[in-house]
Amino acid sequence: MAYPIGIDLGTTNCVAAVWQRGQAVTIPVDGQGTLPSAISVRSDGILIGQPAKGRAQIAPASSVTSVKRFIGDGKTKWEIEGKTYTPVDVSAMLLGRLKEAAEAHLGEAITEAVITVPAYFNNNQKRDTKLAGEAAGFEVLQLLPEPTAAAIQYGLDKGKNQTLLVYDLGGGTFDVSILEVKENDFNVVAVDGDFHLGGDDFDLLLVDHLIGLIEEQTKEDMGLFRSLFGRKGKKKKGSETATREMLLARQRLKEAAEIAKIELSQADRTCVSLPNILGTSLDEEITIDTYNRLIEPMVARTIEKIREVLASARLTSDDIDRVILVGGSTRNRLVKEQVTKAVKEPWTSEHVDEAVAQGAAIVAGSMAAPDLDMTPVEININNVTPFSLGVCSYEKESTRCINSIIIHKNRPVPCEEARPYELQTAAGRDNKLEAYMLQGESENPAECLVIGKYIFTGVSHTPGALAKVEIQYGYDKNGIITAAAREQSTGKALELHVEALPDDMTWLDEISRGGSFDPSNLKLIVTPPGYDDVGSVLTSLQLPFIVYTERQPLDCDIFFWNCLASTHPSAEAIRDYVSDGGCLYASCCAARDLDDAFPGAIEFDHSGCRSETIQADVIDMDLTKTVGKNLRIQYNTAACYTVSLQGPGSKVLLREAATGKDVMVMVPFGKGHIFYTCFHHHEDLSKDEKSLLQFLVMKQISVVSGIPIEAVSSEIRT
Ligand code: ADP
Ligand code: MG
């Protein structure tokens, strides 16, 4: 039986380890304990690890570093030398290199691995990490949270009940976790971190300092050169115009900075010597005090995160039995000093950057080791929800959209949680709830990550009442997100399907600012009631409106033109209003006036006066398909017209089933829209018809505000 190995697939470095003769041992790769997480594609082959890390500085376009930042995002791809590489492909190359090294070291084929992932990794990130492992030829025994791996390496046997704080500062990320360890149960109780903070930033601070020194010596402006040092993952501005000399200088400076930093983790001073660089030569001493001053604000940010994670676990530093430092950057002396001050003297191993892989090796060994020195232990691992999950919801009090959190961050997994929401429904259509799932702590949806569009169909409609729907989110034991919804009154589960996110999500920004979303902030003007009365529909929707008078300028968002209105603006005024972006709702009796105001935009068939029950098809919200056939409308006005021809670009909202005639159309005109309907409000309408009319009015509001109103449900404050 072959050895299973443990792998830390890090942002900056990868490490493999194996349980052998009673201990976890790091597997050397190219003579080192760590393999830089970098690949670089050349026409004659692919470099992996150390040589790729160096080449990435001079050939950034053909190299990939920090692939872990992109795994599972479903969109990142690199086109290099005519080939496409996904984050899974690149991760698989790194894992393949570790596999080779392990096979060389152990002298046999290696097929099983435990791979570590950050405790905050979501579904897709975990799924793709596993896929990468399989693509590299591993059977992935388990995906293990990194802090749990570190805690296991710290000691399965050190004391029975302990609360540990794992402080992991790597090359590009910082994360801090609190674990409760009971016997062999490892429970992550809280996680936090800063995913854009690590040792690379310390290097850049030193680089910046060195460029400052070069600037002083040469009196040259180094603006363009500085811009070459954009953060990883972000586009490096100016790379296109940089000369090869600059790229080489960048590589030398970056390497020199990292070496200086590493020296300063032992020595109090170091010397940076770079002959012939950017028109000068550098030979500078850097003291630990200078260096610490540079990095102090960043270290302070990590200490702040410690406070936050303690608070979210409802603990104080006194409750922590042990602080464990892992990650190469915890070798910075200032880190240890500050952690000691903030919490307590930390425990640190000699191989801080190998601790996670070694913990994984212990787990791998206990699962499947051929080594008799290892007594298999059953390790139970529990995680917490790394982020809050909410739904984009309209809050009545604040009149804006908020991230209404359903599951809070740091809840033990598995878990389930539900919250009730209210929803406006209408008769004669398939009422659906579109829930945009948000990940993040902010109340502002625009600051959260939208992770899915969940559509629940079949919400029942009760005339005159809002539907109450409970949305339930969950994390299963593998940390995979689940979503469901049911009607509160009946308990009926709603059918769910998941839709791709729309490309344009800018409306999220808008609605979270409030104001523009809230329909009651729209200015609505209605002509005085004639035969019909839209005003009463608006009243039933709780929307304030103004009644049109002769002196009333048309400075509104929607102008409602009633049937046989006693007063209305001139054809010219209406045309100007719509051309300028206004939205006009006109009822059938205005047909002749509409002809005057919008010649050619709508053509009418003035032939038909009807007094019968008709059947109409209801077209869906997106105006793409028929969703409700055979809606019966008691339709007996004495003077009505049906639209027989629509103008270019118009959309049908409601079509009469028997004749195929359009009863409601939307016609774009100028910058605005005309909604024309033969179906409107008067005494004889049934309840269903009234709510259909409400739907049509809401649809108009949605068109005007540019927001999918039906996507947003209002929250019930409980
Ligand atoms: P990751 O988890 O991101 O893959 P590691 O835990 O391997 O990363 O940490 C890599 C970082 O540690 C790099 O920024 C490296 O420069 C830094 N590092 C390694 N050794 C030292 C040291 N002696 N002093 C300071 N920083 C170090
Ligand atoms: Mg790491």
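As the structure lists them, so they are numbered: ligands from 1, and atoms in each ligand from 1. The figures here come from the full heavy-atom set of this structure, side chains too, leaving out hydrogens, waters and symmetry mates. Positions are given from 1, in the same order as the sequence printed here. Predicted, not measured: the structure shown is a model, and the values here were computed from it.
Shown in contact with G171 at under 4.0 Å from a heavy atom are these atoms of ligand 1, numbered in order with element: 1 (P), 3 (O), 8 (O), 9 (O), 10 (C), 11 (C), 13 (C), 14 (O). Remark: ligand 1 atoms within the under-4.0 Å shell around heavy atoms of S265 are 22 (C), 23 (N), 24 (N). Heavy-atom proximity to D200, at under 4.0 Å, picks out these atoms of ligand 1: 14 (O). Interface atoms of ligand 1 facing G10, defined by a heavy-atom separation under 4.0 Å, are 4 (O). Interface atoms of ligand 1 facing N332, defined by a heavy-atom separation under 4.0 Å, are 25 (C), 26 (N). Atoms of ligand 1 found under 4.0 Å from any heavy atom of G199 (numbered from 1 in listed order, with element): 14 (O).
In this structure, F195 has its ring center under 6.0 Å from that of Y120.
In this structure the side chain of F121 reaches within 4.5 angstrom of the side chain of I71, judged on heavy atoms. Side-chain contact between R42 and R55 is present, with heavy atoms from C-beta onward closer than 4.5 Å. Using a 4.5 Å heavy-atom cutoff, the side chains of L95 and L9 are in contact. Side-chain atoms of L205 and D203, non-hydrogen and from C-beta on, never get closer than 4.5 Å to each other.
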Table please: side-chain donor-acceptor pairs of residues 96-103 below 3.5 Å, with sequence neighbours left out.
residue : atom : partner : partner atom : Å
R97     : NH1  : E100    : OE1          : 3.1
R97     : NH2  : D30     : OD1          : 2.7
K99     : NZ   : E103    : OE2          : 3.2
K99     : NZ   : I110    : O            : 3.4
E103    : OE2  : I110    : N            : 2.9

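A salt bridge links E146 with K68: the distance from a Lys NZ or Arg NE/NH1/NH2 to an Asp or Glu carboxylate oxygen falls below 4.0 Å. Under 4.0 Å is where a charged nitrogen must lie from a carboxylate oxygen, and between E296 and R293 no such pair does.
Close N/O approach between D353 and ligand 1 is not found [any backbone or side-chain N/O within under 3.5 Å]. The shortest N or O to N or O distance between G170 and ligand 1 is not under 3.5 Å. Inclusion of G327 in the set of residues having an N or O under 3.5 Å from an N or O of ligand 1 is not warranted. Residue T11 has at least one nitrogen or oxygen atom sitting less than 3.5 Å from a nitrogen or oxygen atom of ligand 1, judged on distance alone. For the pair T173 and ligand 1, the shortest N or O to N or O distance does not fall below 3.5 Å. Inclusion of D168 in the set of residues having an N or O under 3.5 Å from an N or O of ligand 1 is not warranted.
Nearest to atom 20 (N) of ligand 1 by heavy atom, out of R331, K68, E146, E258, is R331. Counting only non-hydrogen atoms, the option in Q266, K261, R333 that gets closest to atom 26 (N) of ligand 1 is K261.
The closest approach between any non-hydrogen atom of T34 and ligand 1 is not below 4.0 Å. Contact annotation: I262 has at least one heavy atom less than 4.0 Å from an atom of ligand 1.
The single protein non-hydrogen atom nearest to atom 3 (O) of ligand 1 is T12 OG1, 2.7 Å, given as residue, atom name and distance. The protein non-hydrogen atom at the shortest distance from atom 5 (P) of ligand 1 is G328 N, 3.6 Å. Given atom 10 (C) of ligand 1, the protein heavy atom at minimum distance is N13 ND2, 3.4 Å.
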Walk me through whether W347 and Y167 qualify under ring pair (Phe, Tyr, Trp, His ring centres under 6.0 Å).
CA-CA 10 Å; W347 179 87; Y167 176 108; over 10 Å; no

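Contacts with ligand 1 closer than 4.0 Å are made by heavy atoms of both the backbone and the side chain of S329.
Partner of D192 under the salt bridge (Lys or Arg N to Asp or Glu O under 4.0 Å) criterion, out of K409, R307, R301: K409 alone.
Within the structure, the side chain to side chain donor-acceptor pair (under 3.5 Å) test picks out the following pairs touching residues 320-336 (sequence neighbours left out): Y154-R322, D268-R333, Y291-N332, R331-D353.
The environment of K130 atom NZ is sparse: at most 12 non-hydrogen atoms of other residues, nucleotides or ligands sit within 6.0 angstrom.
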